[in-house]
**Q** 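Supplied in structure tokens, the structure appears directly below.
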Amino acid sequence: MKRIFSGIQPTGEIHIGNYVGAIREWVRLTEDYDCIYCVVDFHALTVEYPVDEMAKRTLDTAIVLIACGLTPEKCKLFIQSAVPEHTELAWIFNCVTPVGDLERMTQFKEKARQHRGNVNMGLMDYPVLQAADILIYKAEFVPVGEDQIQHIELSREIARKFNGRFKPLFPEPQVILSRAPRILGLDGKSKMSKSLNNYIGLLEEERTIWEKLRTAVTDTNRVRRYDPGNPHLCNVFTIHTAFSEKGLLEEIERDCRSARIGCIDCKRMLFERIIEEIAPIRERVEEIKKNVDYVFEVLNTSALKCREIAKRTIDEVREALGLLSLKKG
RNA sequence: AGGCCAGUAGCUCCAACGGAUAGAGCACCGGACUCCAAAUCCGGGUGAUGGGGGUUCGAAUCCCUCCUGGCCUGCCA
């Protein structure tokens, strides 16, 4: 079975954009692939963060992932910092990665601009650690959003360079682009994100979700109730496509274009569909939280298994690099 | 380790003579209008001027110190 790797940062609050764009796909992919998923807490260190919240955020993120269906029966789910071999490999990859490549990364440039007061090496090295995450498991596929394509390309280049210079140990990982359309934030402008506060949290109260959805930006050309709308210019409709059945979508598209329904009607239907899908997740989160030991157990077991794989890769890498080995035999 | 520069609202800041209530743009919040939003209009500053100490009747402003960041020099596997 081909192997998949992907990671998510412990932001503390997972939103429906994360869910439909990544997590739900991750669950689906467990059917056909050997999947390794990771809460990438080391990556989260590259920007300033509240130190006293990191552990909780990481745990909460893991709980949501399990509640969404990334159970130990289906995949390995662990915390990045629990497998230190990732960083060892990242160091080695550093030594085959041109600085210019990293300076050219659009995410780096963007974040360096945003966090002008803290442009650290980790921020620039982010994609290299990512490459190490993937390649230490020799994963061949990486389900990520469009914004990560450039990083995965770098992973391929790093693999190619290492393979050529030392020994062909690594596959060149391929992106699996999410089938889900890119959901924008409630402002209808930018990607849904916690920092922009334009998100609907997966675990938010129904009341809050409705308030946010009710005031979400729609097709700005549709001013009056009797104006026909254009669903393809409407972010609410885009979110619909992530949550609603084909039949309902066709119905809404037709009724929106003919002004049979208004945006509020459309939003109500979407609200119901969202709740229908995420309510069970919220319930499972509550269940899981009653037994946190289980979560630790899951994370630990996975980390141990992953560490076995990671150590094997590291051994091969060290040998390929020509380092002196003190191991017997 | 040393030198120079900087730190003011969520963000960007060339507002503010040692003087009264610390400003602008954007963002944000409330209201009107909307099927809901958007746009527009009306209303709101949301801040311990990086921390601490000092001088002064009075400090964002002057002095000391610490912290953070930038640039430079030195040292270093």
Side-chain angles (χ1 to χ4, degrees), chain A residues 11-13 15-17 45-53 87-88 90-92 94-95 99 102-103 106-125 181-201 204-244 248-249 251-275 318 321-324 326:
Chain A
T11 56
E13 202 174 351
H15 54 67
I16 61 171
L45 307 182
T46 56
V47 295
E48 273 176 67
Y49 65 94
V51 174
D52 51 349
E53 281 178 30
T87 45
E88 181 174 347
W91 170 258
I92 291 160
N94 275 335
C95 302
V99 172
L102 297 179
E103 283 171 335
T106 54
Q107 181 179 297
F108 169 68
K109 286 192 280 191
E110 172 74 4
K111 289 205 171 176
R113 196 178 56 75
Q114 280 170 5
H115 304 273
R116 240 172 286 180
N118 181 19
V119 183
N120 56 74
M121 283 304 296
L123 193 63
M124 187 154 95
D125 210 30
R182 212 168 101 103
I183 286 185
L184 297 180
L186 299 171
D187 53 12
K189 286 182 225 157
S190 22
K191 182 170 139 178
M192 186 174 282
S193 82
K194 194 185 174 191
S195 52
L196 290 173
N197 194 27
N198 62 0
Y199 67 96
I200 290 179
E204 281 189 270
E205 305 225 347
E206 294 194 8
R207 210 186 143 62
T208 321
I209 292 179
W210 172 245
E211 272 314 298
K212 286 188 174 183
L213 197 57
R214 189 181 66 80
T215 56
V217 174
T218 57
D219 171 9
T220 54
N221 294 324
R222 189 178 182 189
V223 180
R224 304 280 165 191
R225 169 68 182 77
Y226 48 77
D227 290 337
N230 182 351
H232 296 288
L233 295 178
C234 180
N235 186 43
V236 172
F237 184 75
T238 309
I239 303 178
H240 251 299
T241 62
F243 284 95
S244 303
L248 181 59
L249 287 177
E251 195 179 304
I252 287 170
E253 171 147 18
R254 193 179 58 235
D255 292 350
C256 174
R257 285 189 188 282
S258 65
R260 179 182 295 185
I261 60 167
C263 294
I264 275 290
D265 306 313
C266 172
K267 284 175 173 178
R268 262 193 214 105
M269 288 187 269
L270 175 57
F271 173 67
E272 275 169 26
R273 285 296 302 110
I274 291 177
I275 296 302
R318 283 170 166 258
L321 291 170
L323 300 176
L324 174 65
L326 298 180

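Chain letters run A, B, ... following the sequence lines, proteins first and then strands; every chain starts at 1. Values in this document were obtained by computation on a predicted structure and should not be read as measured data.
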**Q** C1' atom, B:rC71 versus B:rG30: distance in rounded Å?
**A**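 That atom pair is separated by 45 Å.
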**Q** B:rU46 and B:rG53: how far apart are their C1' atoms, nearest whole angstrom?
**A**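 Roughly 30 Å separates the two C1' atoms.
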**Q** Just wondering, are more than 12 heavy atoms of other shown residues or ligands nearer than 6.0 Å to CZ in A:Arg318?
**A** no
**Q** Grab the CE-C1' distance between A:Met121 and B:rG69 for me, whole Å please.
**A**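 Going from A:Met121 (CE) to B:rG69 (C1'), I get 18 Å.
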**Q** Tell me: CG of A:Asn221 to C1' of B:rU34, nearest whole Å?
**A** 14 Å
**Q** Say we look at B:rC63 and B:rU55: how far apart would their P atoms be, to the nearest angstrom?
**A** 15 Å
**Q** Which one is paired to B:rA15, where only Watson-Crick or G-U wobble pairs with both distances under 3.5 angstrom count?
**A**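 Partner of B:rA15: none.
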**Q** In terms of heavy-atom contacts, does CZ of A:Arg260 have more than 12 from other residues, nucleotides or ligands at under 6.0 Å?
**A**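 Atom CZ in A:Arg260 is not crowded, with 12 or fewer foreign heavy atoms closer than 6.0 Å.
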**Q** Could you pick out which residue, A:Lys189 or A:Arg222, lies toward the 5' side of RNA chain B when each is mapped onto its nearest nucleotide?
**A**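 Upstream on the strand: A:Arg222.
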**Q** Please state how far atom CG in A:Leu184 lies from atom P in B:rA37, giving the value in whole angstrom units.
**A**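 Going from A:Leu184 (CG) to B:rA37 (P), I get 19 Å.
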**Q** Mind checking A:Val223 for me? I need base, sugar-phosphate or nothing, with any heavy atom below 4.0 Å counting as a touch.
**A** base
**Q** Is there, by distance only and without an angle test, a donor paired with an acceptor across the side chain of A:Thr218 and the base of B:rA37 below 3.5 Å?
**A**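 By the distance-only test, yes, there is a pair.
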**Q** Any idea how A:His15 and A:Tyr199 line up, ring-wise: parallel (<30°), tilted (30 to 60°), or perpendicular (>60°)?
**A** tilted
**Q** Using atom P in both nucleotides, what's the gap between B:rG50 and B:rG10 to the nearest angstrom?
**A** 13 Å
**Q** In whole Å, what is the span from the CZ atom of A:Arg268 to the P atom of B:rA37?
**A** 12 Å
**Q** Find the distance A:His115:NE2 to B:rU12:P and express it as a whole number of Å.
**A**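 Nearest whole value for this atom pair: 11 Å.
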**Q** Distance check, P atoms only: B:rA9 and B:rG51, in whole angstrom units.
**A** 10 Å
**Q** A:Arg116 side chain: which of B:rA37, B:rC35, B:rU12 is closest?
**A** B:rU12
**Q** Round to the nearest Å and state the distance from A:Asn118 atom CG to B:rG70 atom P.
**A** 8 Å
**Q** Can you check the A:Arg224 CZ to B:rU34 P distance for me, whole Å?
**A**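 Spelled out: CZ on A:Arg224 to P on B:rU34 is 6 Å.
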**Q** For B:rC41, give its Watson-Crick or G-U wobble partner with both distances under 3.5 Å, or none.
**A**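 Its partner is B:rG31 (Watson-Crick or G-U wobble, both distances under 3.5 Å).
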**Q** Can you confirm whether more than 12 heavy atoms, excluding those of A:Lys191, are under 6.0 Å from its NZ atom?
**A** no
**Q** Taking atom P in both B:rG52 and B:rA60, compute the distance separating them and give it to the nearest angstrom.
**A** 12 Å
**Q** Taking all heavy atoms of A:Gly185 and all of A:Asn235, pick out the closest pair and write down the distance.
**A** O-ND2, 2.8 Å
**Q** Should B:rG7 form a Watson-Crick or G-U wobble pair with both distances under 3.5 Å, which nucleotide is its partner?
**A**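 Paired with B:rC67.
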**Q** How far does the P atom of B:rA6 sit from the matching atom of B:rU21, given to the nearest Å?
**A** 28 Å
**Q** With a 3.5 Å limit on both atom pairs, tell me what B:rC62 is paired to, counting Watson-Crick and G-U wobble, or say none.
**A** B:rG54
**Q** From CG of A:Leu186 over to P of B:rA38, roughly how many Å is that when rounded to an integer?
**A**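 Interatomic distance, CG of A:Leu186 to P of B:rA38: 11 Å.
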**Q** For residues A:Trp91 and A:Thr87, determine if any side-chain heavy atom of one lies less than 4.5 Å from a side-chain heavy atom of the other.
**A**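 Contact flag for A:Trp91/A:Thr87 side chains = no.
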**Q** Reckon A:Thr215 touches a base, only the sugar-phosphate, or nothing at all at heavy-atom distances under 4.0 Å?
**A**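 Sugar-phosphate contact only - A:Thr215 comes under 4.0 Å of backbone atoms but never of a base.
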**Q** If I pick the P atom on B:rC67 and the same atom on B:rC26, what distance separates them, to the nearest angstrom?
**A**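 B:rC26 and B:rC67 have their P atoms separated by 39 Å.
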